[in-house]
Novice: 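First the structure, which I've put down as structure tokens, then a few questions once you've had a look.
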Amino acid sequence: MKYSSQKVAYWFFATCMLLFGLQIIYGFIMGFAHMGMDGLHPIIPFNVARAVHTNLLVMWLLAGFMGAAYFIVPDECEREIIWPKLAYVQLISFVTVGVVAIVGYHFFWWEGRKFLEIPRPLDYLVVVNVLLFVANIGLTIWKSKRHTTTSLVLFFGLLTAALLYLPGMISTDNQTMDSYWRWWVVHLWVEGVWELIMGAILSFLLIKLTGVDREVIEKWLYIIVGFTFLSGILGTGHHYYYIGTPRYWLIIGGLFSALEPLAFLGMAIYAIAMAKKGGRSHPNQTALSWTIGCSVMSFVGAGFLGFAHTLPQVNMYTHGTLVTAMHGHMAFWGAYAMLILAIITYAMPLLTGRNLFTRQSATFAFWTSNIGMTAMTVAFGIAGVAQVYLERRMGLDFLQVQKEIEVHFLGLVLAAVLFTAGIVAFIYNFIGYGFPSNESLKKYSGDVS
Amino acid sequence: MLTKSSARRFFLLGTMACSAAFVLLTLDTIKQVPKRTHEENLTPEVIRGKNLWDTSNCMGCHTIMGEGAYYAPELTKVFERRGETFIKSILRDPEAMYPGQRKMVNYHFSQQEIDDITAFLKWIGEVDLNGFPAKPDLGNVATAIHSTGSSPEGAVLPPVTFSQVCVACHAVGGAGGKVGPALDDIGLRKDAAYLSRWLTDPQAIKADSQMPKLPLSEKDIKDIVDYLMTLKNEVKK
């Protein structure tokens with residue numbers, strides 16, 4: 001750590017750990033409900049667990065992005081954050097809004113729009129909060145003398161993510177248009193501007209961990225985010241096949257989303273090539289594992305498994321089945337969860353001045369969580385494909401099919417136990433690092449020695 | 001060799017071109033959607049129904065137009081599939097309709113609210129979804145119900161209420177739910193008088209029956225009983 005204002009990143013990361021842990025608990029509630037064990041139904045019915053599970057994910061990823069930005073921007077800009085105190089205020093208000101939303105869901109205070117369940121009054125608070133954050137980061141970059149591509153791409157990603165939250169607040173009585181605008185937020189986030197943030201964080205990590213020349217890494221960063229937008233923006237069309245929107249979306253969405261895996265493939269090749277080129281001289285090999293792992297798993301989860309059901313002819317049968325859950329879990333894990341865990345693994349030794357990344361539990365966390373998530377994806381995949389054939393193609397009754405596939409949810413829960421063991425090890429290590437301290441200033445630069 | 005500035009140009013131009021195309025397509029979509037969704041049918045009832053749909057987070061379990069969660073049935077065509085009687089009954093008391101099965105939250109809707117949600121589901125069923133959801137094309141189990149008859153020569157078609165409501169729990173010829181017993185041989189086991197008393201109030205005959213008392217008209221009951229009496233297929237044990 002070079003600047004004391006970077007310490008605020010620790011508190012954002014700690015928030016991530018807490019919310020991630022909670023997210024997993026609600027995931028188990030749903031897994032068991034699918035197996036027929038729905039004893040919690042009177043207190044936490046499925047739709048509550050579902051809203052909490054997905055919203056906690058969005059919240060902890062956003063907290064992770066913010067923490068990453070507060071850590072990366074001072075380093076890139078070579079100066080302190082312009083308003084360090086505001087960063088703490090912003091964290092506290094972010095957590096407050098989040099907690100109110102999550103608790104509110106248990107009392108049915110929500111909007112009931114998938115992923116954007118947060119009720120309208122809280123939406124405005126989220127907007128104010130994110131604008132404060134963007135201003136803090138933006139002005140820090142503005143006031144500095146060093147404008148790197150990495151920090152600019154990161155800023156542009158964060159700014160557009162904030163702006164793209166707004167279409168989700170367009171009010172309409174027509175379910176089709178409601179859904180249309182909802183995807184402007186959800187799709188253009190995860191398959192658009194969040195990938196800018198992802199590209200920037202990956203590029204920062206690769207510069208630090210591999211020691212490859214910045215000019216080379218940043219040049220490829222442009223190419224990859226260029227491909228992301230080339231495919232991702234019009235790729236939004238794959239959400240507009242069957243919701244009442246015109247038929248031309250089938251062609252546009254099908255064509256452009258078929259290109260989406262290329263952007264992810266590019267990201268994976270890029271990360272692996274840079275790591276090879278750099279000769280891996282950085283001591284924090286665990287952070288490098290998470291970085292490379294992120295690029296590979298995002299290709300498998302978001303790129304490959306997304307493509308598996310994105311063609312209109314296939315999607316006609318898989319749309320609205322557990323096949324989507326299969327793709328969703330590994331896509332979010334690979335692209336975003338692993339990215340946040342990578343930057344945390346990289347930043348923690350620098351923030352706290354302690355070196356725990358060679359611990360066995362750090363390696364255990366990486367492998368166990370990844371194997372667990374892979375097994376979960378397989379379980380979802382089998383359940384989903386069985387559902388597609390039995391229900392959509394043979395016309396069996398919904399509940400009867402759900403009974404048939406219950407056994408795959410046992411598999412899912414077992415895989416999830418493995419995944420959870422990995423995450424528990426990660427959180428255990430996180431706690432082991434202790435709090436950030438000024439003593440670690442200048443102790444480690446974080447660069448390749 | 002590619003320079004950093006040409007890489008930047010590729011990124012900026014590509015992004016601008018795609019964004020512009022996306023905005024233009026959006027404008028066209030906004031123009032076409034009212035016709036495709038029959039916006040003229042968006043009555044105050046339907047709009048109130050949509051708001052109830054949202055505020056009850058129905059999407060947290062169900063899918064509509066294929067969007068939502070995968071815990072409960074897809075509802076885009078539910079009005080056509082299950083009909084008004086079934087929808088209103090399940091909204092009134094969800095757990096009565098599928099006894100002992102996966103549970104739905106009981107929001108204690110008023111009669112007005114039940115009518116509103118039903119109107120919303122009717123409206124959404126008429127939206128042009130480019131063919132979604134596709135009809136099952138393997139095995140034709142779902143359509144078998146319409147051709148299952150008492151005897152090979154004269155197939156008797158079930159009344160609409162039967163195909164919408166009863167099949168949610170009971171199967172005939174392998175098609176339908178498995179919550180209640182299959183009805184292939186019901187015509188051999190029971191007589192018409194018993195069946196009409198049963199349909200009027202199951203608990204009056206068997207107090208611990210899990211079958212809900214459905215709001216069926218006298219004509220509904222007569223039609224269903226007439227149909228049930230034709231089901232005389234021996235079930236192989």
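None of the values given here were measured: they were computed from a predicted structure. Just so it is clear: chains get the letters A, B, ... in the order the sequence lines come, proteins before strands, and each one is counted from 1.
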Novice: Could you tell me which portion of Glu111(A) (side chain, backbone, both or neither) has an atom closer than 4.5 angstrom to a non-hydrogen atom of chain B?
Specialist: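 Just its backbone gets close to chain B.
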Novice: Charged N to carboxylate O under 4.0 angstrom, Asp38(A) versus Arg102(B)?
Specialist: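 Answer for the salt bridge query: no.
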Novice: Under 4.5 Å heavy-atom distance to chain B, tell me which part of Leu390(A) shows up: side chain, backbone, both or neither.
Specialist: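 No part of Leu390(A) comes within 4.5 Å of chain B.
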Novice: For the candidates Tyr242(A), Trp220(A), Trp249(A), Trp184(A), which exhibits the highest count of non-hydrogen atom pairs separated by less than 4.5 Å from chain B?
Specialist: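 Among Tyr242(A), Trp220(A), Trp249(A), Trp184(A), the one with the most close pairs to chain B is Tyr242(A).
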Novice: For chain B, find which of Ile252(A), Thr321(A), Leu322(A) contributes the most heavy-atom pairs closer than 4.5 angstrom.
Specialist: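 Greatest number of close heavy-atom pairs with chain B: Thr321(A).
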Novice: I'd like to know whether Lys114(A) forms a salt bridge (charged side-chain N to carboxylate O under 4.0 Å, His left out) with Glu67(B), so could you lay out the CA-CA distance, the side-chain angles of the two residues, the decisive distance to 0.1 Å, and finally the verdict.
Specialist: CA-CA 8 Å; Lys114(A) 191 179 177 183; Glu67(B) 297 182 340; over 6 Å; no
Novice: What part of Leu250(A) gets closer than 4.5 Å to chain B, counting heavy atoms only: side chain, backbone, both or neither?
Specialist: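 Side chain of Leu250(A) only, per the 4.5 Å heavy-atom cut-off to chain B.
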Novice: What part of Phe227(A) is in contact with chain B, defined as an atom under 4.5 angstrom from a non-hydrogen atom: side chain, backbone, both or neither?
Specialist: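 For Phe227(A), backbone and side chain are both near chain B.
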Novice: Students often mix this up, so state it plainly: with edges at 30° and 60°, are the rings of Tyr71(B) and His34(A) parallel, tilted or perpendicular?
Specialist: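 Rings of Tyr71(B) and His34(A): perpendicular, over 60°.
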Novice: Under a 3.5 Å threshold, yes or no: a donor from one side chain and an acceptor from the other, between Thr26(B) and Tyr180(A)?
Specialist: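 Thr26(B) vs Tyr180(A): donor-acceptor pair found between side chains.
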Novice: Do you know which two heavy atoms are closest between Asp28(B) and Tyr248(A), and how far apart they sit?
Specialist: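 Result for this residue pair: OD2-OH, 2.6 Å.
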Novice: Specify the closest pair of heavy atoms between Ile233(A) and Ser19(B), including all atoms of both residues, with the distance to one decimal.
Specialist: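 Minimum heavy-atom separation between Ile233(A) and Ser19(B): CD1-OG, 3.4 Å.
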Novice: For each of His41(A), Arg392(A), Glu218(A), Met177(A), tally heavy-atom pairs with chain B at distances under 4.5 Å, and name the one with the top tally.
Specialist: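 Ranked by contacts with chain B, first place is His41(A).
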Novice: Checking Asn57(B) against Tyr105(A) for the side-chain hydrogen bond (donor to acceptor under 3.5 Å, both in side chains) test, could you report, in this order, the C-alpha distance in whole Å, the side-chain angles of both residues, the deciding distance, and whether it holds?
Specialist: CA-CA 10 Å; Asn57(B) 193 12; Tyr105(A) 292 162; over 6 Å; no
Novice: Checking Asp128(B) against chain A: side chain, backbone, both or neither under 4.5 Å from a heavy atom?
Specialist: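 For Asp128(B), the backbone is the part near chain A, not the side chain.
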Novice: So what's closer than 4.5 Å to chain A heavy atoms on Leu25(B): side chain, backbone, both or neither?
Specialist: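 Both backbone and side chain.
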Novice: Side chain, backbone, both or neither: which part of Leu2(B) has a heavy atom under 4.5 Å from chain A?
Specialist: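 Contact with chain A involves both backbone and side-chain atoms of Leu2(B).
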Novice: Under 4.5 Å from any heavy atom of chain A, what part of Lys50(B) do you find: side chain, backbone, both or neither?
Specialist: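 Just the side chain, heavy atoms under 4.5 Å.
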Novice: Which region of Tyr317(A), side chain (C-beta onward) or backbone (N, CA, C, O), has a non-hydrogen atom less than 4.5 Å from a non-hydrogen atom of chain B, or is it both or neither?
Specialist: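 Contact with chain B is through the side chain of Tyr317(A) alone.
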Novice: Side chains of Cys61(B) and Phe46(A), heavy atoms from C-beta outward: is any pair under 4.5 Å?
Specialist: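 Contact flag for Cys61(B)/Phe46(A) side chains = yes.
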Novice: Report, as yes or no, whether the 6.0 Å neighbourhood of atom CZ on Phe109(B) holds more than 12 heavy atoms from other residues, nucleotides or ligands.
Specialist: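 Atom CZ in Phe109(B) is crowded, with more than 12 foreign heavy atoms closer than 6.0 Å.
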Novice: Could you check which of Lys403(A), Gln402(A), Arg113(A) has the highest count of heavy-atom pairs closer than 4.5 Å to chain B?
Specialist: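 That would be Gln402(A).
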Novice: Please classify the contact between Val127(B) and chain A as side chain, backbone, both or neither, with a heavy-atom cut-off of under 4.5 Å.
Specialist: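 Contact with chain A is through the side chain of Val127(B) alone.
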Novice: Shorter than 4.5 Å, heavy atoms on both sides: which option in Ala33(A), Ser231(A), Ala51(A) has the most such pairs with chain B?
Specialist: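 That would be Ala33(A).
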Novice: Are Thr245(A) and Arg36(B) packed together at the side-chain level, in the sense that at least one heavy-atom pair is separated by less than 4.5 angstrom?
Specialist: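 With C-beta onward as the side chain, the pair stays apart.
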Novice: State whether a side-chain donor-acceptor pair under 3.5 Å links Lys4(B) with Thr149(A).
Specialist: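 Thr149(A) and Lys4(B) do have a side-chain donor-acceptor pair below 3.5 Å.
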